[in-house]
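This report refers to the structure that appears directly beneath it.
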Amino acid sequence: MMEPLSNSKAVDNTHEEQFESSVTVIEKQAQKRIFKIIVIGDSNVGKTCLTYRFCCGKFPDKTEATIGVDFRERMVEVDKEQIKLQLWDTAGQERFRKSMVQHYYRNVHAVVFVYDVTKMSSFESMPSWIEECDRHNLNQEIPRILVGNKCDMTAKVAINTNLAQKFADSHSMPLFETSAKDDEKANHVEAIFMTLAHKLKNSKPMMTPFIAPTNLPSNVQVISLQDKKASEKDQCFC
Ligand SMILES: Nc1nc2c(ncn2[C@@H]2O[C@H](COP(=O)(O)OP(=O)(O)OP(=O)(O)O)[C@@H](O)[C@H]2O)c(=O)[nH]1
């Protein structure tokens, strides 16, 4: 008679463990936050290379003009929390932007304005990129960062740091001068997005779409935590 009992106990334990691990999975998924960062600026300033450097850890072998938008994502840890940065690498060329523009500016959490330090016209375009953000009613409170890229081309630098810093100050933005190409200066690329991650960490949470794990025990019913108030969270499993 003992055998079946202990067997049944073993089954219950497995069930319980399965339940607990499923709860952990669900809690982790529910806690994960995702932040949308748009990277904008003239064509050819290096937006694709900067996002590629941050998400893939290297300079791309070759790039082509972005059509519409490219997405890259990277998980980063900030104060022991894993958050996902979703970078929207937007097209600089007007003809490749038209159809997508409305999508860029929806639910944005941060903006990175990029110019090429060797090309004055790309710096002079910055006010019009800021105006475009304003036209799309981007919240003034969201973090904005100004980035001068291609600093490795020292002999050709056309925009000196003082000028860029004045512009950044007048728009209450931090300035980063960097290079997506140069491995040493690429540390700054990391700094750009980690600075944003720290700023975003304290902004309002945005949950990932809820995906229920598939290995739940049959007696567990899943209710998304997203629509629940914090006080109700404990009642989500029945
Ligand atoms: N020297 C140097 N070249 C760079 C750097 N970043 C990008 N480039 C080069 O600049 C050119 C344009 O780079 P992209 O990243 O495609 O530029 P983009 O701003 O995404 O251009 P669009 O997609 O047209 O908006 C490419 O030839 C890159 O190799 C950099 O930090 N240093």
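Just follow the structure's listing: the first ligand is 1, and inside any ligand the first atom is 1.
Near Ala91, meaning under 4.0 Å from any of its heavy atoms, are these atoms of ligand 1: 25 (O). Per-residue contacts place Ser179 under 4.0 angstrom from the following atoms of ligand 1 (heavy atoms of the residue considered): 31 (O). Which parts of ligand 1 touch Lys47 is read off a 4.0 Å heavy-atom cut-off, strictly below it: atoms 15 (O), 17 (O), 18 (P), 19 (O), 20 (O), 21 (O), 22 (P), 25 (O). Numbered from 1 in the order shown, with element, the atoms of ligand 1 that lie under 4.0 Å from a heavy atom of Asp42 read 19 (O). In the vicinity of Ala65, heavy-atom distances shorter than 4.0 Å reach the ligand 1 atoms 23 (O), 24 (O). In the vicinity of Gly92, heavy-atom distances shorter than 4.0 Å reach the ligand 1 atoms 22 (P), 25 (O).
For atom 4 (C) of ligand 1, the closest heavy atom belonging to the protein is Lys150 CE, 3.7 Å. The single protein non-hydrogen atom nearest to atom 6 (N) of ligand 1 is Asn149 ND2, 3.2 Å, given as residue, atom name and distance. Residue, atom and distance of the protein heavy atom nearest to atom 28 (C) of ligand 1 are Cys49 SG, 3.8 Å. In this structure, atom 17 (O) of ligand 1 lies nearest to the protein heavy atom Gly46 N, 3.2 Å. With hydrogens left out, the protein atom closest to atom 24 (O) of ligand 1 is Ser43 OG, 2.6 Å, a heavy atom.
Contacts between Thr48 and ligand 1 below 4.0 angstrom, taking non-hydrogen atoms only, involve backbone and side chain alike. Only the side chain of Phe59 comes within 4.0 Å of ligand 1, counting heavy atoms alone; its backbone N, CA, C and O stay farther away. When non-hydrogen atoms are compared, ligand 1 lies under 4.0 Å from the side chain of Met153 (C-beta onward) but not from its backbone. When non-hydrogen atoms are compared, ligand 1 lies under 4.0 Å from neither the backbone nor the side chain of Pro60. Within the 4.0 Å heavy-atom criterion, the part of Asp152 lying near ligand 1 is the side chain and not the backbone. No part of Val114 comes within 4.0 Å of ligand 1, judged by heavy-atom distances.
A distance of 13.5 Å separates SG of Cys151 from NZ of Lys181, quoted to the nearest 0.5 Å. If you take CZ on Arg144 and CE on Met173, they are separated by 7.5 Å, rounding to the nearest 0.5 Å.
Contact annotation: the side chain of Thr178 approaches that of Asn149 to within less than 4.5 Å [non-hydrogen atoms, C-beta and beyond]. Between Asp79 and Lys201 the shortest side-chain heavy-atom distance falls below 4.5 Å. Residues His103 and Val69 form no side-chain contact, since every pair of their non-hydrogen atoms from C-beta on lies 4.5 Å or further apart. Taking the side chain as every heavy atom from C-beta outward, Asp70 and Thr51 never approach each other to under 4.5 Å. Proximity of Glu81 to Arg33: side-chain heavy atoms (C-beta onward) are separated by under 4.5 Å at one or more points. Put simply, the side chain of Ile40 reaches to within 4.5 Å of the side chain of Phe113, judged on heavy atoms.
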message: As a quick check of understanding, evaluate side chain to side chain contact (heavy atoms under 4.5 Å, CB included) for Asp183 and Arg53, giving each step before the final call.
response: CA-CA 10 Å; Asp183 285 340; Arg53 168 67 82 172; 2.8 Å; yes
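Which of Asp89, Asn44, Asp70 comes nearest to atom 11 (C) of ligand 1 through a heavy atom is settled by distance: it is Asn44. Of the candidates Val69, Thr63, Val189, Thr63 brings a heavy atom nearest to atom 27 (O) of ligand 1.
The distance criterion of under 3.5 Å between nitrogen or oxygen atoms is not met by Gln93 with respect to ligand 1. Considering backbone and side-chain atoms alike, Ala180 places an N or O below 3.5 Å from some N or O of ligand 1.
Both tests hold for Arg74 against Phe54: distance to the six-membered ring centre under 6.0 Å, angle to the ring axis within 45°.
Here the shortest heavy-atom pairing between Phe35 and Leu200 reads CZ-O, 3.5 Å.
Remark: side-chain polar atoms of His109 are paired, donor with acceptor, to backbone N or O of Lys36 under 3.5 angstrom.
Taking Phe123 as the reference, Tyr115, Phe167 meet the ring pair (Phe, Tyr, Trp, His ring centres under 6.0 Å) condition, with sequence neighbours excluded.
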